[in-house]
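One structure below.
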Amino acid sequence: MKRRLFVLITALALLPVLIGAGRFALFLLRPTTPPAPVTVSVPSGTSFGQIARKLQNNDVVSSVICFKLLARLRGETAAIQAGDYRFAGAATPGQVLDRLVAGDVERHQLTIPEGFSLVEIAHRLQESDFPDAQAFLPLTRDAEFLRSLSIDAASLEGYLFPETYTFDSRTTARQLILAMVGQGQAELTPALLAQAKKQGLNRHQLLTLASIIQKEAGNNAEMPLISAVFHNRLRRGIALQADPTVIYGIKDFDGNLTRRHLREITPYNTYRVPGLPPGPIASPGRTALQAAANPAAVNYLYFVARGDGTHKFSSTLREHNAAVRRYQLKR
């Protein structure tokens with residue numbers, strides 16, 4: 001009788017443990033699906049308990065207590081990485097914890113078009129909700145930072161390669177800039193720099209000329225021709241007379257280029273100051289870089305926009321004036 005009573009008491013005492021173990025096993029095996037895709041933010045320094053509650057509140061896991069127990073059993077309560085995590089499909093608690101430990105955060109793509117200036121890139125970062133957008137512009141003009149990159153220039157204008165980059169909530173402006181500068185350096189191959197040297201251009205001058213070509217060209221096919229015009233002018237000591245450089249030198253340009261602007265002397269007014277401007281005016285793409293180092297073998301000195309995205313090229317001023325009358329004055 002006493003033995004039966006002991007067994008019964010023991011069974012009753014173990015019953016809550018068995019029920020708890022069963023619930024925990026079911027928690028581990030049963031996937032949870034949020035009713036709609038959800039992003040859960042985990043700021044740096046957030047306790048695991050707070051993370052577990054956020055996950056439960058967003059229907060990513062079904063139990064705070066069980067999720068905390070799982071993390072403790074795996075010894076990973078302090079291994080969670082900060083960031084924004086997006087949950088959409090069904091996932092078991094173990095799979096959710098795996099993502100948090102691996103830092104499988106939500107990533108965004110940022111495309112910087114060819115011909116964007118530093119200011120335009122900064123605006124694009126703000127539009128893309130880049131987390132460290134405010135630090136971008138000051139850093140691109142930080143002399144010490146530029147020296148650390150071995151860039152002898154007043155800013156990183158032209159040195160940030162236009163490409164699609166990936167970032168997440170942890171990405172800093174410094175990290176993004178390093179990636180952009182690194183991509184730019186990869187594009188400036190020894191062969192390209194050697195060819196530029198044959199044209200009398202060092203790295204900075206190559207980027208400068210390529211940026212002007214980028215802004216002037218209506219399409220990639222014309223870039224070697226536009227490059228030839230500028231190379232021919234530089235060799236003959238003729239002012240480049242490139243409107244984009246003038247515009248770059250105008251503070252708060254309102255979109256209307258006037259004769260007064262063309263007469264104003266600034267370092268970037270290539271109507272008044274001979275040779276290349278002090279530095280790039282935008283980020284040139286791969287085709288513009290190649291064109292700057294490999295101008296077409298033509299004797300053109302002038303070009304004028306036709307109004308359809310292409311240009312009319314001329315070798316003499318008389319031809320050019322006729323083209324201006326045809327394509328610009330009548331229009």
Side-chain angles (χ1 to χ4, degrees), residues 32-48 50-61 79-89 91 95-142 145-146 148-149 155-187 211 214-215 248 252-253 255 280-286:
T32 300
T33 305
V38 62
T39 298
V40 177
S41 181
V42 179
S44 180
T46 307
S47 70
F48 190 84
Q50 291 173 313
I51 297 171
R53 280 190 289 275
K54 279 190 175 185
L55 294 173
Q56 185 187 57
N57 292 339
N58 287 281
D59 296 316
V60 178
V61 299
I80 308 303
Q81 297 193 42
D84 294 335
Y85 294 84
R86 185 169 178 81
F87 299 97
Q95 290 172 329
V96 172
L97 186 57
D98 287 340
R99 289 189 57 193
L100 296 172
V101 172
D104 183 18
V105 297
E106 185 176 16
R107 288 175 170 80
H108 310 273
Q109 286 195 326
L110 171 71
T111 299
I112 304 301
E114 297 172 348
F116 259 34
S117 67
L118 289 177
V119 172
E120 289 172 316
I121 295 174
H123 288 161
R124 177 60 59 90
L125 293 181
Q126 292 173 343
E127 294 169 352
S128 304
D129 294 324
F130 182 74
D132 200 22
Q134 294 301 320
F136 174 79
L137 267 183
L139 200 53
T140 63
R141 297 162 180 166
D142 184 281
F145 183 49
L146 266 64
S148 72
L149 298 173
S155 75
L156 288 176
E157 191 75 86
Y159 286 84
L160 306 183
F161 192 74
E163 185 60 273
T164 296
Y165 298 90
T166 301
F167 71 91
D168 59 51
S169 60
R170 304 167 298 180
T171 305
T172 65
R174 181 179 292 265
Q175 290 171 331
L176 177 63
I177 290 172
L178 289 174
M180 299 175 78
V181 170
Q183 185 61 42
Q185 291 174 339
E187 297 292 334
S211 72
Q214 184 73 65
K215 298 295 285 187
Y248 185 83
D252 301 324
F253 180 64
I281 60 173
S283 291
R286 186 175 297 113

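Only this structure's heavy atoms are used, side chains among them; waters, hydrogens and symmetry mates stay out.
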Under the criterion side chain to side chain contact (heavy atoms under 4.5 Å, CB included), I'd like the reasoning laid out for Ser117 against Ile281: C-alpha separation, chi angles, the key distance, then a yes or no.
CA-CA 6 Å; Ser117 67; Ile281 60 173; over 6 Å; no
Kindly determine whether Ile177 and Leu139 satisfy side chain to side chain contact (heavy atoms under 4.5 Å, CB included), including the steps that lead there.
CA-CA 9 Å; Ile177 290 172; Leu139 200 53; 3.8 Å; yes
Test log, rule side chain to side chain contact (heavy atoms under 4.5 Å, CB included), inputs Leu176 and Leu110:
CA-CA 10 Å; Leu176 177 63; Leu110 171 71; 4.0 Å; yes
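Annotation for Gly158 and Pro280: closest pair CA-CB, 3.7 Å, computed over non-hydrogen atoms. Across every non-hydrogen atom of Thr32 and Asp59, the tightest pair is CG2-O, 3.2 Å. The nearest pair of heavy atoms linking Lys215 to Gly115 is NZ-O, 3.3 Å. Heavy-atom minimum distance, Pro162 versus Gly285: CG-CA, 3.9 Å. Contact detail for Ser211 and Pro284: the closest heavy-atom pair is N-CB, 3.8 Å. Residues Pro34 and Gly89 share a closest heavy-atom pair of CD-O, 3.8 Å.
In this structure, the side chain of Gln183 does not engage the main chain of Leu160 through any donor-acceptor pair within 3.5 Å. The closest donor-acceptor contact from the side chain of Asp142 to the backbone of Pro138 lies at 3.5 Å or more, if one exists at all.
Within a 6.0 Å radius of CD in Gln134, other residues, nucleotides and ligands contribute 12 heavy atoms or fewer.
With sequence neighbours excluded, the residues forming a salt bridge (charged side-chain N to carboxylate O under 4.0 Å, His left out) with Arg286 are Glu187, listed by chain and number. In this view, Arg124 satisfies the side chain to side chain donor-acceptor pair (under 3.5 Å) rule with no residue, not counting sequence neighbours. Taking the side-chain contact (heavy atoms from CB on, under 4.5 Å) definition, one finds that Thr46 meets it with Val42, Pro43, Gln50, Ile51, sequence neighbours left out. For the side chain to side chain donor-acceptor pair (under 3.5 Å) test, residues two or more places apart in sequence or in another chain that qualify with Thr164 are Thr111. Every residue two or more places apart in sequence or in another chain that forms a salt bridge (charged side-chain N to carboxylate O under 4.0 Å, His left out) with Asp168 is listed here: Arg170. Legend: residues meeting salt bridge (charged side-chain N to carboxylate O under 4.0 Å, His left out) with Asp98, ordered by chain and number and at least two apart, are Arg74. Applying the side-chain contact (heavy atoms from CB on, under 4.5 Å) rule to Leu149 yields the partners Phe145, Ile151, Leu156, Leu178, Val181; only residues at least two apart in sequence or on another chain are considered. Partners of Ala179 by side-chain contact (heavy atoms from CB on, under 4.5 Å), not counting sequence neighbours, listed by chain and number: Tyr165. For Pro37, the side-chain contact (heavy atoms from CB on, under 4.5 Å) test picks out Arg86, Ala88, with sequence neighbours left out. The ring pair (Phe, Tyr, Trp, His ring centres under 6.0 Å) search around Tyr85 returns none, not counting sequence neighbours. Asp132 is linked by a side chain to side chain donor-acceptor pair (under 3.5 Å) to nothing, counting only residues two or more places apart in sequence or in another chain.
Residue Ser169 holds its OG atom at 7.0 Å from NE2 of His108, rounded to the nearest 0.5 Å. With rounding to the nearest 0.5 Å, the separation of OG in Ser283 from CE in Met180 is 6.0 Å. Taken to the nearest 0.5 Å, the OG atom of Ser44 stands 10.5 Å off from the CD atom of Gln81.
When side chains are defined from C-beta on, Leu137 does not count as touching Ile121, because their heavy atoms never get closer than 4.5 Å.
For the side-chain contact (heavy atoms from CB on, under 4.5 Å) test with Phe87, the passing option among Asn58, Val61, Leu55 is Leu55; the others fail.
In summary, the side chains of Thr166 and Gln109 do not present any donor paired with an acceptor at a separation below 3.5 Å, with no hydrogens or angles considered. Side-chain atoms of Glu157 and Tyr248 form a donor-acceptor pair, as typed in the model, at a separation below 3.5 Å.
Screening residues 109-136 for ring pair (Phe, Tyr, Trp, His ring centres under 6.0 Å) gives Phe130-Phe167 as the qualifying pairs, with residues at least two apart or on separate chains.
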